[in-house]
Amino acid sequence: SNNNNNNNNNNGSAPSSPKRANSGLPGQQRGANRFGRRPSQQEIEEEALALRQQKKAKQEAKQLQEATQLATRRLKQAQQVNHALQEALWRKKTKCRDMQQTVEELEDKIERATMILLPGRESVEAYLEHQIMNANQTIQEGKLALGRGLMEMEEEVEGLLKVTAELREQGSRNRAAMKEQHLEVKELQRHVREMKKHI
């Protein structure tokens, strides 16, 4: 800004008086007013450094304010997320507690049902085992009886086969005898015919 003022003073209109022409930089004017005399080059540089530091301090304060606002927004977001997580955790705990209660009720029902149904189940199982044993015994006896019946039938079949063979043999002998008798009858008939011719 001091350079711009110098440029404006140098490039502007001519000074109206020697006092304005020698007025110099604004920083020099402020320095002259503060020190009551024309400031030296070192004082001017110190004044410029102070201005730069003041500007830098303002920028840092602005950045700090922006960072504070950002941190505040993030804190609010974190608080909202934390609140949502706490609500979810509370709902989960409530659900787990309800499920635990349901499981305990089911276990109680199962235990009572077991105490009631187990004796009847044992009696039914004993009855069924007895029935199965009886059925197996009956099946075994039936198998034995069937085996004996098959053996007897096989013996009867063997006897019938023997009788059939004997009858076949007897039939063969009877057919042979009948053939011989038939031949004898033919011979007797021929002999009778010859006797008739002689008579």
Side-chain angles (χ1 to χ4, degrees), residues 1-140:
S1 62
N2 293 332
N3 293 328
N4 291 331
N5 292 328
N6 290 330
N7 292 330
N8 292 330
N9 293 327
N10 293 327
N11 296 327
S13 59
S16 59
S17 64
K19 183 178 181 180
R20 293 186 62 184
N22 295 326
S23 61
L25 296 173
Q28 293 176 352
Q29 293 176 0
R30 288 194 299 269
N33 293 329
R34 186 177 65 176
F35 296 105
R37 56 181 174 77
R38 184 178 180 84
S40 63
Q41 185 65 28
Q42 183 178 358
E43 291 173 346
I44 293 172
E45 291 177 357
E46 290 177 354
E47 183 71 15
L49 179 61
L51 291 173
R52 286 195 298 271
Q53 290 178 352
Q54 185 179 3
K55 185 177 180 181
K56 184 178 180 181
K58 289 181 179 180
Q59 292 177 354
E60 290 178 352
K62 184 177 180 181
Q63 292 177 356
L64 181 61
Q65 184 179 4
E66 292 176 353
T68 303
Q69 293 175 355
L70 180 61
T72 303
R73 288 196 299 272
R74 290 182 178 177
L75 178 61
K76 290 181 179 179
Q77 293 176 356
Q79 289 176 350
Q80 292 176 356
V81 172
N82 188 21
H83 182 67
L85 290 174
Q86 288 180 354
E87 288 183 352
L89 181 61
W90 179 79
R91 288 194 298 269
K92 186 175 181 180
K93 287 182 178 179
T94 304
K95 187 176 181 180
C96 290
R97 185 169 58 251
D98 295 338
M99 291 178 66
Q100 182 67 27
Q101 184 177 359
T102 303
V103 169
E104 291 177 356
E105 292 177 355
L106 290 175
E107 288 178 350
D108 184 57
K109 290 181 180 179
I110 291 170
E111 184 177 0
R112 285 184 292 176
T114 303
M115 293 176 62
I116 294 172
L117 296 176
L118 187 59
R121 180 179 177 182
E122 291 178 351
S123 62
V124 170
E125 288 178 352
Y127 174 75
L128 290 175
E129 289 178 357
H130 181 69
Q131 292 294 326
I132 291 170
M133 290 176 62
N134 292 334
N136 290 332
Q137 186 176 359
T138 303
I139 291 170
Q140 190 68 26

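Values below: every heavy atom of this structure, side chains too, minus hydrogens, waters and symmetry copies.
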Compare all side-chain heavy atoms of [X] with those of [Y] and state whether any distance is below 4.5 angstrom.
X      : Y      : value
Arg112 : Asp108 : yes
Gln69  : Arg73  : yes
Glu111 : Glu107 : no
Gln65  : Thr68  : no
Lys93  : Cys96  : no

In Å and rounded to the nearest 0.5 Å, what is the [atom1] to [atom2] distance from [X] to [Y]?
X      : Y      : atom1 : atom2 : value
Arg97  : Thr102 : CZ    : OG1   : 11.5 Å
Met99  : Leu106 : CE    : CG    : 10.5 Å
Ile132 : Ile139 : CD1   : CD1   : 10.5 Å
Leu85  : Gln80  : CG    : CD    : 12.0 Å
Leu75  : Leu70  : CG    : CG    : 11.0 Å
Thr138 : Gln140 : OG1   : CD    : 10.5 Å

Compute whether any side-chain donor of one residue and acceptor of the other, for His83 and Glu87, lie under 3.5 angstrom apart. yes
Pair Glu60, Leu64 - check side chain to side chain contact (heavy atoms under 4.5 Å, CB included), show working. CA-CA 6 Å; Glu60 290 178 352; Leu64 181 61; over 6 Å; no
Test applied, side-chain contact (heavy atoms from CB on, under 4.5 Å); reference residue, Leu49; option that passes from Arg52, Glu46, Glu47: Arg52
Quick check: are there more than 12 heavy atoms from other residues, nucleotides or ligands sitting under 6.0 Å from CD of Glu125? yes
